[in-house]
Amino acid sequence: MAHKLPELPYSSDALAPHVSAETLSFHHGKHHAAYVNKLNAALEGTGLENMPIEELVASMDKVPANKRTAIFNNGAQHFNHSFYWQCMSPNGGGEPTGALARAIDQTFGGFEKFREQFKAESLNHFASGWGWLVKNASGQLEIISTHDADTPLAHGKTPLLTADVWEHAYYIDYRNDRGSYLDHFFQVVNWDFVARNFE
Ligand code: FE
């Protein structure tokens, strides 16, 4: 059973003006779709076609060496994008509540400090990649960034929230202004999804 491009959890114009319909339709319909197609092509004949994507990207030792780069890059991009769509919602924005809010306060000294640190990590990340809030193996929150396709799942960390900082995520709407894109991203963060990942 080949991997499939998931539907967006909202219509392509639902996040405007923060993320435009044009950005979403290209990002989901062209970029993410291409990762899924290339992943399926690379998996053909490996016997790993049915492994769930979360498991696959953390199981590179089971992938034939000559296919590892293609399967990891396209597989991790498939996972990261599927996760990223869910991190946003037309009803998003604001601040988290409950246990997640308490953990953010304890770890970062308040929501505003967390937001600044997440933005700085994502803004200063060199070239293409992803900004993340993750839970590490000891259950503590961390802000990290990963290069290119890399994903926290490959490092034993649980992803809670991500911002795609590849240029294709923001160039149509914000040109080279990654900081503006990140400010707008915070207007649509789906904190209910982040809280479910935390629990
Ligand atoms: Fe992307």
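Given the structure is predicted, the values throughout are model-derived calculations rather than measurements.
Here the CG atom belonging to Leu56 is positioned 6.5 Å from the CG atom belonging to Leu39, to the nearest 0.5 angstrom. Considering CD of Glu22 and CD1 of Ile172, their distance stands at 4.5 Å, rounded to 0.5 Å. Interatomic distance, CG of Leu141 versus CG of Leu100, reported as 7.0 Å (0.5 Å rounding).
Heavy atoms only, all atoms of each residue included: Ile53 and Gly75 are closest at CD1-O, 3.5 Å. When every heavy atom of Ala149 is checked against every heavy atom of Trp166, the shortest pair comes out as N-CZ2, 4.2 Å. Scanning all heavy atoms of the two residues, the minimum distance from Thr23 to Val19 falls at CG2-CG1, 3.8 Å. Annotation for Ala70 and Ala42: closest pair CB-CB, 4.0 Å, computed over non-hydrogen atoms.
No donor-acceptor distance shorter than 3.5 angstrom exists from the side chain of Thr107 to the backbone of Ile104, with no hydrogens or angles considered. Side-chain atoms of Asn40 come within 3.5 Å of backbone atoms of His3 as a donor-acceptor pair (strictly under, hydrogens ignored). Ser138 contributes no side-chain N or O that, together with a main-chain N or O of Gln140, makes up a donor-acceptor pair within less than 3.5 Å.
In this structure Phe26 satisfies the ring pair (Phe, Tyr, Trp, His ring centres under 6.0 Å) test with no other residue, sequence neighbours excluded. With sequence neighbours left out, Asp148 forms a salt bridge (Lys or Arg N to Asp or Glu O under 4.0 Å) with no residue at all. Remark: His184 pairs with His18, Tyr174 by the ring pair (Phe, Tyr, Trp, His ring centres under 6.0 Å) rule, at least two apart or across chains. Under the ring pair (Phe, Tyr, Trp, His ring centres under 6.0 Å) criterion, Phe108 pairs with Phe114, not counting sequence neighbours. Listed by chain and residue number, Ala99 satisfy the side chain to side chain contact (heavy atoms under 4.5 Å, CB included) test with Arg102 (two or more places apart in sequence, or in another chain). For Ala120, the side chain to side chain contact (heavy atoms under 4.5 Å, CB included) partners two or more places apart in sequence, or in a different chain, are Asn124. Legend: residues meeting ring pair (Phe, Tyr, Trp, His ring centres under 6.0 Å) with Phe72, ordered by chain and number and at least two apart, are absent.
Applying the salt bridge (Lys or Arg N to Asp or Glu O under 4.0 Å) test to every pair with at least one member in residues 165-193, sequence neighbours left out, gives these pairs: Arg115-Asp183, Lys119-Asp183. Evaluation of the ring-ring contact (aromatic ring centres under 6.0 Å, His included) test over residues 43-68, restricted to residues two or more places apart or in two chains, returns none. Among residue pairs with one or both ends in residues 58-67, none qualify as side chain to side chain donor-acceptor pair (under 3.5 Å); sequence neighbours excluded. Residues in residues 135-158 take part in these ring-ring contact (aromatic ring centres under 6.0 Å, His included) pairs, two or more places apart or across chains: His125-His147. Applying the side chain to side chain donor-acceptor pair (under 3.5 Å) definition to pairs two or more places apart or across chains, those involving residues 29-38 are His31-His168, His32-His78, His32-Trp85, Tyr35-Gln77.
Checked against the 6.0 Å centroid threshold, Phe111 and Trp191 count as a close aromatic pair. Proximity of the aromatic rings of Tyr170 and Phe185 is defined here by a centroid distance below 6.0 angstrom, and this criterion is not met.
At least one side-chain heavy atom of Lys157 sits under 4.5 Å from a side-chain heavy atom of Glu142. Two residues are said to be in side-chain contact when any heavy atoms from C-beta on lie closer than 4.5 Å; Pro159 and Asn197 fail this criterion. At least one side-chain heavy atom of Leu15 sits less than 4.5 Å from a side-chain heavy atom of Pro90. Considering only heavy atoms from C-beta on, Leu182 comes within 4.5 Å of Val165 through its side chain. The shortest distance between side-chain heavy atoms of Glu116 and Glu112 falls below 4.5 Å.
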*Full working for ring-ring contact (aromatic ring centres under 6.0 Å, His included) between Phe118 and Phe186*: CA-CA 10 Å; Phe118 186 98; Phe186 270 97; 5.6 Å; yes
*Taking it one step at a time, do Phe83 and Phe193 satisfy ring-ring contact (aromatic ring centres under 6.0 Å, His included)?*
CA-CA 10 Å; Phe83 190 84; Phe193 176 69; 5.1 Å; yes
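Residue Trp132 is tested with Asn80, Thr151, Thr146, Thr158 for a side-chain hydrogen bond (donor to acceptor under 3.5 Å, both in side chains); the sole match is Thr146.
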